[in-house]
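Structure, as structure tokens:
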Protein chains: 2
Amino acid sequence: MEEEKKLSSNKEDYLEVIFILEKKNGVARVKDISRLMKVKTSSVTSALNMLSKEGLVIHERYGYVKLTPEGERLALKVRKRHNILFRFLSEILNIDPEVAEKDACGMEHSVSPQTLEKITKFIEFVETCPEHTRPDWLRSFDYFFKTGRRPRCKIRKLKKDVLGGK
Amino acid sequence: MEEEKKLSSNKEDYLEVIFILEKKNGVARVKDISRLMKVKTSSVTSALNMLSKEGLVIHERYGYVKLTPEGERLALKVRKRHNILFRFLSEILNIDPEVAEKDACGMEHSVSPQTLEKITKFIEFVETCPEHTRPDWLRSFDYFFKTGRRPRCKIRKLKKDVLGGK
DNA sequence: TTACTTTTTTAGATATACCTAACAAATCAA
DNA sequence: TTGATTTGTTAGGTATATCTAAAAAAGTAA
């Protein structure tokens with residue numbers, strides 16, 4: 001039942017860029033897909049033929065390219081994985097956005113639902129923290145990463161003084 | 001300069017399993033590679049021919065399979081990426097080991113050096129923390145993930161009481 | 001509308017990565 | 001040592017994913 005057919009990374013990438021172009025321009029064009037995918041237009045044509053046969057895109061000869069509902073559903077799934085990974089890398093780990101973007105592109109095809117869920121919750125955990133800023137422990141990590149040293153921990157000192165240490 | 005030729009994920013996988021088999025048995029055999037890669041032995045033979053031509057493995061007809069120094073160097077790089085990703089997922093995020101293993105296998109081919117470095121340091125940050133246990137903030141996340149709620153924070157309360165809040 | 005330009009498709013090639021089926025070599029057992 | 005079993009290779013086929021070069025369709029401008 002359901003047997004959700006597993007797409008190749010490549011096809012997921014095509015769906016993703018078609019999705020992005022559709023959002024931007026209403027429909028996608030072979031030329032633009034070609035540019036974003038960094039392949040020749042003839043490669044796009046043959047990819048579209050496959051995706052078309054699989055019912056994921058509508059593509060008439062010399063005409064527009066659009067995702068079918070099923071194609072859009074799959075594109076959104078990939079996009080969501082991408083965004084979560086990107087946000088985790090850039091917002092939590094402070095990876096440079098361009099690097100985070102490339103890494104997210106690489107990982108988005110294979111990350112499991114379970115891991116995605118964890119990471120989603122982790123982002124939420126960090127970004128809805130009571131401090132309403134980057135939490136202390138994460139600032140500590142930033143410092144640790146930069147300097148190799150741990151910052152003096154005020155709260156630990158406080159705790160020790162007040163509670164008589166442990 | 002250097003021009004480090006980029007291997008396909010597939011070839012990296014072959015190097016990895018050959019590496020693992022070598023560590024276990026001294027040399028790798030086609031049958032065992034086939035089993036670990038979940039492909040037929042004829043596929044292994046043709047993969048080995050390519051890797052051989054690229055100078056990454058030694059493979060005599062009907063004979064043993066061994067990594068060249070260059071092959072071993074590359075295998076180690078992949079292995080290292082795999083291990084860091086696996087540890088991050090299983091030890092920090094508490095992902096089930098089997099799932100973490102699969103995810104690490106998927107991500108190990110594309111993770112950038114910068115991201116790998118961050119994650120490496122993040123693991124170190126967590127595992128060499130002064131508490132010598134899973135740090136409080138991470139236990140808080142475990143709780144948050146399980147229940148959707150944040151645990152009452154003793155230290156924050158303490159801080160507020162003593163310092164007069166903020 | 002005709003001519004030029006751009007876009008897209010087709011045809012045909014290459015490379016990877018897998019398969020099955022048949023064959024060959026190596027290993028093991030009687 | 002010979003015969004059976006296991007292991008490995010070859011031959012030939014499929015599918016994906018790319019390319020170049022040439023042809024066709026669509027768009028643009030005089």
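Computed from heavy atoms alone, side chains included, the values below leave out hydrogens, waters and symmetry copies. Protein chains get the first letters and strands the later ones, always in sequence-line order, with residue 1 at the start of each.
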For the student: nearest non-hydrogen atoms of [X] and [Y], plus distance:
X: E131(A); Y: D136(A); answer: OE2-N, 4.2 Å
X: S112(B); Y: V99(A); answer: OG-CG1, 3.3 Å
X: V78(A); Y: E12(A); answer: CG2-CD, 3.8 Å

Exercise. Under a criterion of less than 4.0 angstrom to any heavy atom of chain B, what are the 5'-terminal and 3'-terminal contacting nucleotides of DNA chain D?
Worked result: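 For DNA chain D, the relevant span reads dT7(D) to dT10(D).
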Exercise. Tell me, which of residues 23-53 of chain B have any heavy atom that sits under 4.0 Å from an atom in DNA chain D?
Worked result: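 Output list: R29(B), V30(B), K31(B), T41(B), S42(B), T45(B).
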Exercise. Where does the chain B footprint on DNA chain C start and end, counting 5' to 3' with a 4.0 Å heavy-atom cut-off?
Worked result: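 Contacts span dT16(C) to dA26(C), reading 5' to 3'.
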Exercise. Under 30°, 30 to 60°, or over 60°: which ring-plane class applies to F125(B) and F144(A), parallel, tilted or perpendicular?
Worked result: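 Tilted: the ring planes of F125(B) and F144(A) meet at 30° to 60°.
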For this session: Take the angle between the ring planes of H82(B) and F86(B) and call it parallel below 30°, perpendicular above 60°, tilted in between.
Result: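 Parallel: the ring planes of H82(B) and F86(B) meet at under 30°.
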Exercise. Which one of R79(B), R81(B), K77(B) satisfies the salt bridge (Lys or Arg N to Asp or Glu O under 4.0 Å) criterion with E16(B)?
Worked result: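 The option that passes is R79(B).
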Problem set entry | Axial cation check for F141(B) ring with K121(A), 6.0 Å and 45° limits |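 Checked: cation-pi criterion not met.
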Exercise. How would you label the contact of Y64(A) with the nucleic acid (heavy atoms, under 4.0 Å): base, sugar-phosphate, or nothing?
Worked result: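 Nothing, no heavy atom under 4.0 Å.
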Exercise. Any chain of hydrophobic side-chain contacts (each under 4.5 Å) joining I84(A) to I92(B)?
Worked result: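 Cluster IDs for I84(A) and I92(B) match.
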For this session: May I ask you to check whether over 12 heavy atoms, not counting those of K102(A), lie within 6.0 Å of atom NZ?
Result: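 Incorrect, the count does not exceed 12.
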For this session: Verify whether one side chain among D13(A) and H109(A) offers a donor that lies under 3.5 Å from an acceptor in the other.
Result: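 Checked: D13(A)/H109(A) side chains pair up, N/O donor to acceptor below 3.5 Å.
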